[in-house]
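Report on one structure; see the data block that follows.
Side chains included, hydrogens not; waters and symmetry mates left out as well; all remaining heavy atoms used. Fair warning: this is a prediction, and the values are worked out from it, not measured in the lab.
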Amino acid sequence: MTTDRASVLRALHVPGRPLVLPNVWDAASARAVRQAGFPAVATSSAAVARTLGHEDGERTPVAEMLAAVARVAAAVDVPVTADFERGYRLKPAELAERLLATGAVGCNLEDSLPDTGELADPGEQADFLAEVRAAAGPGLVINARVDVYLAGRPSREEAVRRGRRYLEAGADCVYPIGATGEDEIRALVSELGGPVNVLSAPGVPPLGRLAELGVARVSFGSGLHQATQAYTKGLLEAVAEGRGPY
């Protein structure tokens with residue numbers, strides 16, 4: 001079952017017909033995404049962390065994060081991919097074993113250090129990804145996040161260099177998070193040589209245009225959770241003021 005769902009998830013990464021993933025934070029939001037017709041579900045580490053009372057940046061105890069992923073996976077009948085930051089300091093074999101045990105068949109793994117935000121050495125990151133791939137086999141779809149844009153070093157050359165190494169190490173998709181303009185995204189798609197994931201955010205082209213640019217996957221990160229929280233805040237303010245919240 002795990003390998004079958006991983007194959008389904010992998011096949012959904014089609015350049016020009018991107019897999020759209022409105023990232024979730026719990027079982028209820030996962031069910032809502034599934035009911036809306038999406039063929040896969042992805043978690044957001046930041047959204048899950050805040051739901052559990054923690055902050056992003058691997059501040060959630062790994063057992064809590066894995067339990068949250070397991071609840072999401074149990075709630076839906078489609079492939080689930082987990083935002084797993086940089087692996088919560090787990091060794092590659094343990095990471096693969098424990099993540100697969102949740103029922104998830106995919107993961108994001110980023111190349112910046114959670115404590116400092118500094119970029120990891122690309123060779124070390126490639127080795128890490130290769131070890132995760134060796135431990136997980138084909139049962140895990142690896143989305144390798146490239147953080148050069150987030151780290152204040154928006155070098156396409158470096159993003160491409162890192163992304164290619166990660167693909168060679170066994171990643172299925174490259175996620176240059178924070179890339180925005182059409183020209184930049186088009187160039188990344190052209191130069192990376194593998195499926196490209198883009199974060200949908202203000203300033204990023206709409207879904208239809210991203211498809212035209214050849215993007216294979218579109219994520220929403222913690223954006224939907226933030227919007228939901230803002231809406232909830234408005235409801236609560238109405239109640240506090242004696243107004244009806246609906």
- Note on the structure: For Phe128 and Arg86, the nearest pair of non-hydrogen atoms, with its separation, is CZ-O, 3.8 Å

- Task: Considering only NZ, NE, NH1 and NH2 on the basic side and carboxylate oxygens on the acidic side, decide whether Glu131 and Lys91 come within less than 4.0 Å.
- Result: no

- Begin with the C-alpha distance, continue with both residues' side-chain angles, and end with the deciding distance and a verdict on side-chain contact (heavy atoms from CB on, under 4.5 Å) for Leu199 and Phe220. CA-CA 6 Å; Leu199 175 69; Phe220 283 75; 5.6 Å; no

- Message: Main chain of Val204, side chain of Glu182: is a donor-acceptor contact present, judged purely on distance under 3.5 Å?
- Response: no

- What's the shortest heavy-atom distance between Ser155 and Val148, and which atoms? O-CG2, 4.0 Å

- Checking side-chain contact (heavy atoms from CB on, under 4.5 Å) for the pair Tyr175/Ser219: CA distance, chi angles, key distance, verdict? CA-CA 9 Å; Tyr175 185 11; Ser219 303; 3.7 Å; yes

- Task: Check for a donor-acceptor pair, side chain of Arg209 on one end and backbone N or O of Leu213 on the other, with a separation under 3.5 Å.
- Result: no

- Message: Does Leu236 form a side-chain contact (heavy atoms from CB on, under 4.5 Å) with Thr232? I'd like the steps, not just the answer.
- Response: CA-CA 6 Å; Leu236 296 174; Thr232 301; 4.1 Å; yes

- Is it true that a side-chain atom of Glu85 and a backbone atom of Gly57 form a donor plus acceptor pair closer than 3.5 Å? yes

- Message: Do Val174 and Asn197 have side chains that approach each other closer than 4.5 Å (heavy atoms only, starting at C-beta)?
- Response: no

- Task: Show the numbers, then the answer: is there a side chain to side chain donor-acceptor pair (under 3.5 Å) between Asp83 and Ser45?
- Result: CA-CA 5 Å; Asp83 181 355; Ser45 67; 3.1 Å; yes

- Message: With a 3.5 Å distance limit and no angle check, can you tell me whether Arg89 reaches the backbone of Val62 through a side-chain donor-acceptor pair?
- Response: no

- Would you call Arg162 and Asp111 a salt bridge, taking side-chain N to carboxylate O under 4.0 Å as the test? yes

- Query: Going by heavy atoms in the side chains, are Arg217 and Val196 under 4.5 Å from each other?
  - Reply: no

- Item | Whether over 12 other heavy atoms sit under 6.0 Å from Glu97 CD | no

- Answer yes or no: does atom CD of Glu241 have more than 12 heavy-atom neighbours from other residues, nucleotides or ligands under 6.0 Å? yes

- Query: Any idea which heavy atoms bring Val146 and Ala159 closest together, and the distance?
  - Reply: CG1-CA, 3.9 Å

- Query: Does a salt bridge link Arg133 with Asp172, judged by any charged N lying under 4.0 Å from a carboxylate O?
  - Reply: yes

- Message: What's the separation between atom CZ in Phe84 and atom CG in Asn143, rounded to the nearest 0.5 Å?
- Response: 15.0 Å

- Begin from the C-alpha positions of Thr81 and Val105 and carry the test side-chain contact (heavy atoms from CB on, under 4.5 Å) through to its verdict. CA-CA 6 Å; Thr81 178; Val105 295; over 6 Å; no

- Looking only at heavy atoms, what is the nearest atom pair of Gly139 and Ala6, with distance? O-CB, 3.5 Å

- Nearest heavy atoms of Pro39 and Val78, plus distance in Å: O-CB, 3.3 Å

- Kindly compute the distance separating OG (Ser29) from CG (Leu224), expressed to the nearest 0.5 Å. 9.5 Å

- Would you check if Glu191 and Arg156 make a side-chain contact, meaning some heavy-atom pair closer than 4.5 Å? yes

- Message: Quick check for you: to the nearest 0.5 Å, what is the distance between Ser200 atom OG and Asn23 atom CG?
- Response: 10.0 Å

- Query: Going by heavy atoms in the side chains, are Gln125 and Leu119 under 4.5 Å from each other?
  - Reply: no

- Query: Quick one: are His54 and Met65 in side-chain contact, heavy atoms under 4.5 Å?
  - Reply: no

- Going by atom types alone, do Tyr149 and Glu184 pair a side-chain donor with an acceptor below 3.5 Å? yes

- Message: Hydrophobic clusters here meaning ILVMFWY residues chained together by side-chain heavy-atom distances under 4.5 Å, can you tell me if Val198 and Leu150 are in one?
- Response: no

- Looking at CG of Leu19 and CZ of Arg10, how far apart are the two atoms once the value is rounded to the nearest 0.5 Å? 13.0 Å

- Message: I'd like to know if the side chain of Ser190 reaches the main chain of Arg186, judged simply by a donor and an acceptor atom lying under 3.5 Å from each other, with no hydrogens or angles considered.
- Response: no

- Query: Can you find a side-chain donor-acceptor pair between Gln226 and Ser222 that sits under 3.5 Å?
  - Reply: yes

- Could you state the interatomic distance from OG (Ser112) to CZ (Arg145), rounded to the nearest 0.5 Å? 5.5 Å

- Task: Assess whether salt bridge (Lys or Arg N to Asp or Glu O under 4.0 Å) is satisfied between Arg243 and Glu237, documenting all intermediate values.
- Result: CA-CA 8 Å; Arg243 297 184 285 113; Glu237 288 173 349; over 6 Å; no

- Item | Main-chain N/O of Tyr88 paired to Glu58 side chain as donor or acceptor, under 3.5 Å | yes

- Message: Tell me whether Glu55 is salt-bridged to Arg59, with the criterion being a basic N under 4.0 Å from an acidic carboxylate O.
- Response: no

- Message: With heavy-atom distances below 4.5 Å as the criterion, would you say the side chains of Thr51 and His225 are in contact?
- Response: yes

- Task: Quick one: pull up SG in Cys107 and CG in Leu140 and give me the separation to the nearest 0.5 Å.
- Result: 4.0 Å

- For the pair Asp26 and Arg71, find out whether any cationic side-chain nitrogen is under 4.0 Å from an anionic carboxylate oxygen. no

- Message: For Ala179 versus Ile185, what's the shortest heavy-atom pair and its separation?
- Response: O-CD1, 4.2 Å

- Would you indicate whether Arg17, at its atom CZ, is surrounded by more than 12 heavy atoms from other residues, nucleotides or ligands within a distance under 6.0 Å? no

- Side chain proximity check, Leu109 to Val132, heavy atoms < 4.5 angstrom: yes

